[in-house]
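Input: a single structure, listed below in structure tokens.
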2 protein chains.
Amino acid sequence: MNLKRLAEELGLSQTTVSRALNGYPEVSEATRKRVEEAARRYNYRPNSRAKGLATGRAMVIGQVIPTSVQHEMVNPIFGDFVAGASQTFSRYGYDMMFSRVPDVDESDIYREYRARGAVDAVILQGPLVNDQRIPLLNRIGLPFIVHGRSTGITEPYAFVDVNNTRAFQHATEFLVHLGHRRIALINGLEGMDFAQRRRAGYEAALKAAGIPVDPALMRSDEMTEYFGYRETRALLAQEDPPTAIMAASMIAALGVRRAIEETGLTMGRDVSVITHDDDLSYLKNGQDVPIFTAIRSSVRKAGEILAQCLVDQINAPDAPPEQRMLEADLLVGRSTGPAPQRT
Amino acid sequence: MNLKRLAEELGLSQTTVSRALNGYPEVSEATRKRVEEAARRYNYRPNSRAKGLATGRAMVIGQVIPTSVQHEMVNPIFGDFVAGASQTFSRYGYDMMFSRVPDVDESDIYREYRARGAVDAVILQGPLVNDQRIPLLNRIGLPFIVHGRSTGITEPYAFVDVNNTRAFQHATEFLVHLGHRRIALINGLEGMDFAQRRRAGYEAALKAAGIPVDPALMRSDEMTEYFGYRETRALLAQEDPPTAIMAASMIAALGVRRAIEETGLTMGRDVSVITHDDDLSYLKNGQDVPIFTAIRSSVRKAGEILAQCLVDQINAPDAPPEQRMLEADLLVGRSTGPAPQRT
DNA sequence: CCCGGTATCCAAAGCGCTTTGAAAACGATT
DNA sequence: AATCGTTTTCAAAGCGCTTTGGATACCGGG
């Protein structure tokens with residue numbers, strides 16, 4: 001069923017039927033009712049492509065997934081983020097589209113998106129420090145919003161980000177107050193902007209407490225379970241080992257815990273652990289009492305908010321880009337305790 | 001830049017330019033070269049919607065994410081699955097699209113997809129036993145492929161699935177050979193088809209070994225870390241506790257391990273554990289020696305294969321639906337050992 | 001009774017592409 | 001030189017929608 005046939009069926013013009021269905025005022029209530037009823041009866045839906053061609057809008061939001069291993073870390077949070085974002089998008093009639101490309105070609109795909117008119121806007125995931133995708137997107141005029149931020153980029157852009165610096169600063173202070181002075185940081189990849197900010201918060205808290213920043217206590221890599229495990233084993237094996245560890249994700253923290261326990265130590269007593277927690281649906285940090293003391297910030301909610309910001313931006317392209325900062329809560333669980341006395 | 005302007009620029013008709021770019025034979029090599037060169041220079045890409053409108057193909061594959069909590073379990077594997085599938089799809093010029101709907105409306109969205117012509121085919125995730133979405137999709141004539149299978153559906157449909165029954169049967173036999181007779185099963189939600197098949201494999205192995213199937217050793221729910229933890233605590237607390245546990249996912253297995261260790265027992269010595277392992281990029285089962293003895297089957301590879309099957313199906317709609325069965329490997333890690341002697 | 005305004009409706013153009021059916025150009029053949 | 005078969009190119013229709021610029025019908029006020 002298409003517009004033309006529906007119009008014939010009703011004895012009306014395509015114009016009137018189209019207007020009736022799209023809520024234009026220049027159509028009487030009586031015919032609008034009649035049209036709507038017929039549309040329902042024939043299960044009519046306007047063809048997406050035809051509508052898009054006529055309106056110039058795709059009603060699709062793009063997201064690029066680089067092939068590189070470098071960005072695999074997006075994976076674990078991907079499901080929850082998409083769940084949140086698409087909930088908001090679907091309310092406004094937008095669908096989400098994904099393209100996967102070798103990361104060398106990532107800038108090409110944005111040009112292609114633009115040229116093909118395939119999407120109305122894109123979401124930028126996993127921003128690096130000084131991420132050149134931002135100027136690129138601004139240059140080619142494809143609306144976008146960043147999930148995270150990019151230090152070093154001065155031109156304006158919209159983003160939704162967690163206050164990583166403050167979160168890690170608070171968490172580190174919390175450990176310092178518990179008497180810890182050897183605090184390790186198991187961080188994400190150095191190039192990632194969030195990793196920089198987390199380290200900045202961590203270092204700020206240490207400096208404020210007069211504790212030297214020891215590079216031997218800082219590790220960074222893809223945030224896998226194995227990475228958490230491997231580095232914790234190594235940290236605990238070195239002389240003057242840390243009494244507390246900050247982990248950048250729940251997944252990594254699981255590895256941290258495994259390493260602590262395999263070493264014969266007890267988490268929360270011998271070694272304190274604080275982790276960032278994205279509040280993933282499949283990896284809840286305990287049901288009542290959190291397993292880990294954690295800095296929690298729901299990535300799903302971030303997705304919802306980001307989607308809303310992007311829709312607003314599409315509807316008001318000339319407004320200044322929206323920049324939203326989400327605060328993370330520090331939840332005290334059973335993985336932290338007073339620093340053990342030196343032997 | 002669009003076709004019309006490009007054609008004017010070249011002093012050719014739109015027809016010729018279109019044909020040149022789409023590889024039709026009725027155009028001389030000389031002009032084809034000339035056209036391609038100009039297209040590159042002007043960075044011309046045909047508009048997706050116009051092309052789709054003219055060809056009647058969307059070059060988009062749809063995927064519906066139900067809102068319900070019931071299906072959250074798709075989440076952890078979602079990222080890897082999409083990574084695999086979209087790799088194949090992008091080779092053929094397809095994009096992937098996601099729509100999120102309240103699960104009551106799930107059948108509506110397929111009708112809408114069809115009516116709007118929004119997608120060329122869809123992927124069905126997380127099939128239930130006797131899943132009515134399959135007859136629905138057949139009825140409305142929207143090409144699809146199931147990730148998994150659905151017991152009870154007799155009409156033909158395409159699928160890619162892991163041989164869950166055989167995998168769990170082998171794993172259970174492996175435990176039986178190690179002397180275990182009290183083997184627990186921490187399974188996914190009962191309604192999910194894969195959970196049924198896994199249970200069937202587990203029960204078949206027990207029966208073959210003359211071991212009674214004890215309902216007190218079988219649990220099923222959403223496969224979260226907490227679920228694995230909670231049920232293992234409960235299992236180990238009951239009298240005549242299991243000496244071995246089969247877990248349905250790595251995430252759940254992490255909870256199983258946590259419960260075992262909190263109980264003061266040692267995994268692999270006091271309690272053996274085998275888990276299904278989707279080989280997720282962010283949750284590798286150890287680097288060299290697997291942490292868990294596991295039935296491994298890469299969900300990412302499944303995504304690649306499924307995408308290929310779906311593309312083939314779109315290109316040859318009259319061929320019988322492809323049904324691919326993937327075998328899972330049993331990898332022996334450090335979480336299994338001989339059954340402890342009874343005290 | 002005529003006129004201007006308002007409420008309804010419509011024909012047709014246009015969005016950017018593919019594809020049909022036909023024309024033009026070109027050698028090769030008689 | 002006329003004819004035929006290829007090769008190469010083109011004009012125009014069509015995909016299903018929105019939207020512009022009227023047209024028509026109807027109303028109350030002068």
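What you see is a predicted model; the values in this text were computed from it and never measured. Letters A, B, ... mirror the listed sequences (proteins, then strands); counts begin at 1.
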A:K51 vs B:T16, nearer the 5' end of DNA chain D by closest nucleotide: B:T16
field: Residues from residues 108-116 of chain B lying under 4.0 Å of DNA chain C - heavy atoms
entry: none
- prompt: Rounded to whole angstroms, how far apart are CD on A:E29 and P on C:dT6?
  reply: 20 Å
- prompt: What's the closest nucleotide to the B:Q14 side chain, out of C:dT18, C:dT8, D:dT19?
  reply: C:dT18
message: Assuming nearest nucleotide by heavy-atom distance, tell me which of B:P46 and B:R19 is located more 5' along DNA chain C.
response: B:P46
statement: By nearest-heavy-atom nucleotide on DNA chain D, the more 5' of B:S13 and B:A54 is B:S13
message: When you compare the side chains of B:Q63 and B:Q125, does any donor N or O come within less than 3.5 Å of an acceptor on the partner?
response: yes
message: Rounding to an integer number of Å, can you tell me how far A:N47 CG sits from D:dT18 C1'?
response: 13 Å
query: Are any of A:T55's side-chain N or O atoms less than 4.0 Å away from OP1 or OP2 of D:dT18?
result: no
field: Separation of C:dC15 P from B:N2 CG (nearest whole Å)
entry: 8 Å
query: Of the nucleotides D:dT18, D:dC15, D:dT9, which one has an atom closest to the side chain of A:N22?
result: D:dT18
- request: Could you tell me whether A:R32 and A:E29 make a salt bridge, using a distance below 4.0 angstrom between a side-chain N and a carboxylate O?
  value: yes
query: Taking NZ, NE, NH1 and NH2 as the nitrogens, is one of them in B:E37 or B:K33 under 4.0 Å from a carboxylate oxygen of the other?
result: no
- request: Take atom CZ of B:R324 as the centre, draw a 6.0 Å sphere, and report whether it contains more than 12 heavy atoms from other residues, nucleotides or ligands.
  value: no
query: Rounded to the nearest Å, what distance is computed from the CZ atom of residue B:R32 to the P atom of nucleotide D:dT7?
result: 14 Å
- prompt: To the nearest angstrom, how far is B:E26 atom CD from C:dA25 atom C1'?
  reply: 16 Å
task: Heavy atoms only: give me the nearest B:L53-A:A50 pair and the separation to one decimal.
output: CD1-CB, 3.7 Å
task: Could you check how far CG of A:L53 sits from P of C:dT18, rounded to whole Å?
output: 12 Å
- prompt: Closer than 4.0 Å, any side-chain N/O of B:S28 to the OP1 or OP2 of D:dT9?
  reply: yes
- request: Report the nucleotide, chosen from C:dC10, D:dG14, D:dC10, that has the shortest atom-to-atom distance to any side-chain atom of A:T15.
  value: C:dC10
- request: Write down the atom of B:F98, the atom of B:Y113, and the distance for their closest heavy-atom approach.
  value: C-OH, 4.4 Å
Integer-rounded Å distance: D:dC17 C1' and A:M59 CE: 15 Å
- prompt: To the nearest angstrom, how far is A:Y24 atom OH from D:dC17 atom P?
  reply: 15 Å
query: Taking atom types as modelled and ignoring hydrogens, do the side chains of A:Q132 and A:N130 form a donor-acceptor contact shorter than 3.5 angstrom?
result: yes
